[in-house]
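Because the structure is a prediction, the values reported are computed rather than measured.
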Amino acid sequence: MLTVHAADAVIGAPDGADSVAVDGGAVVAIGGYAELTAARPRARVRRWSGLITPGLLNAAAPALLEAAYHPDPREADEHGTEPLTGDALTALGMDDARWGASARRGLQRMLRHGTTAVRGPFTRPAVRTAVARSGLRVHAPGPAPEEASLDPLASVPEPPDAFATALAVGGPADLAVFDVPDLAALRAEGAGSCTATVLGGRLVFRRS
């Protein structure tokens with residue numbers, strides 16, 4: 001569905017741009033709100049506070065999904081809410097079904113941090129299936145950060161270094177929205193300030 005996402009500013013776009021129009025899975029226009037909506041009077045409009053950026057790339061995904069367990073919320077009393085690694089992970093005696101369920105929860109957490117792409121490879125079949133079904137883009141293997149984090153901004157000098165792709169007309173409609181006024185604030189607040197994630201034109205996360 002033709003949709004205009006409007007915010008205070010669009011990062012990676014010409015100065016003055018505050019909106020992105022998407023149709024299906026592609027970006028069809030970037031510019032000012034008045035201009036984009038006047039040319040598309042029947043478009044659905046989603047208004048956001050803060051910044052629209054390209055979606056983020058989590059380069060630590062293999063470690064987060066194949067070497068950590070993301071507890072089910074119903075397990076919070078026993079296992080807490082943070083990913084389990086090391087001896088705590090070993091003690092769980094993981095099987096394929098549990099790896100798949102953990103990966104699905106981990107991927108949902110990534111979406112809540114503005115992630116639209118992950119860096120592979122993934123060796124566990126259950127994890128590969130979960131990643132494929134999530135719709136997240138999978139990038140070729142490359143350097144991994146020293147510390148795995150759900151926040152892709154934690155391991156890069158500046159936020160644009162974590163952008164999965166350039167924001168361009170004709171490119172994929174993979175966007176993240178952060179409730180911050182500028183890139184300096186985004187660097188300080190991190191990807192936990194994400195309020196919405198758009199993947200292939202679909203709103204896959206929205207902070208309630």
How long is the straight-line distance from [atom2] of [Y] back to [atom1] of [X], given to the nearest 0.5 Å?
X: W48; Y: R206; atom1: CH2; atom2: CZ; value: 4.0 Å
X: L56; Y: L111; atom1: CG; atom2: CG; value: 11.0 Å
X: T197; Y: H113; atom1: OG1; atom2: NE2; value: 10.0 Å

* Asked: Taking atom types as modelled and ignoring hydrogens, do the side chains of S49 and D179 form a donor-acceptor contact shorter than 3.5 angstrom?
  ->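 D179 and S49 do have a side-chain donor-acceptor pair below 3.5 Å.
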Using a 4.5 Å cut-off on heavy atoms from C-beta on, say whether the side chain of [Y] contacts that of [X].
X: T3; Y: R46; value: yes
X: L175; Y: H5; value: yes
X: R40; Y: V28; value: yes
X: S134; Y: Q108; value: no
X: L153; Y: R187; value: no

* Closest heavy-atom contact between P152 and A162? ->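 In this case the closest contact between P152 and A162 is O-CB, 3.9 Å.
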Check whether any side-chain N or O of [X] sits under 3.5 Å from a backbone N or O of [Y] as a donor-acceptor pair, and report yes or no.
X: D18; Y: A9; value: no
X: R124; Y: E66; value: yes
X: N58; Y: S149; value: yes
X: S193; Y: E189; value: no

* Look at atom CG of D87 and say whether more than 12 heavy atoms of other residues, nucleotides or ligands are closer to it than 6.0 Å. =>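 12 or below, so no.
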* So does R44 have more than 12 non-hydrogen atoms from other groups sitting under 6.0 Å from CZ? ->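 For R44, atom CZ is crowded (more than 12 foreign heavy atoms under 6.0 Å).
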* To do: Among D151, T116, L65, find the one that has a side chain to side chain contact (heavy atoms under 4.5 Å, CB included) with M110.
  =>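 Among D151, T116, L65, the one that satisfies the side chain to side chain contact (heavy atoms under 4.5 Å, CB included) with M110 is L65.
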* **Plane angle bin for H79 and Y69 - parallel if under 30°, tilted between 30 and 60°, otherwise perpendicular** =>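 Ring orientation, 0 to 90° scale: perpendicular.
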* Do you reckon V131 sits in the same ILVMFWY cluster as L64, going by side-chain contacts under 4.5 Å, direct or chained? ->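 Yes, it is one cluster - the side chains of V131 and L64 are joined through contacts under 4.5 Å.
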* To do: Consider only side-chain heavy atoms of I, L, V, M, F, W and Y, link residues closer than 4.5 Å, and tell whether I52 and V22 are in one cluster.
  =>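 Yes, I52 and V22 fall within the same hydrophobic cluster.
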* **Criterion side chain to side chain contact (heavy atoms under 4.5 Å, CB included) on F163 and T53, from CA distance to verdict** => CA-CA 8 Å; F163 292 168; T53 76; 3.9 Å; yes
* May I ask you to check if R47 and Y33 form a cation-pi contact, with NZ or CZ under 6.0 angstrom from the six-membered ring centre and within 45° of the axis? =>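 Geometry flag: set, cation within 6.0 Å and 45°.
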* E75 and R98 ion-paired at < 4.0 Å ->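 R98 and E75: salt-bridged.
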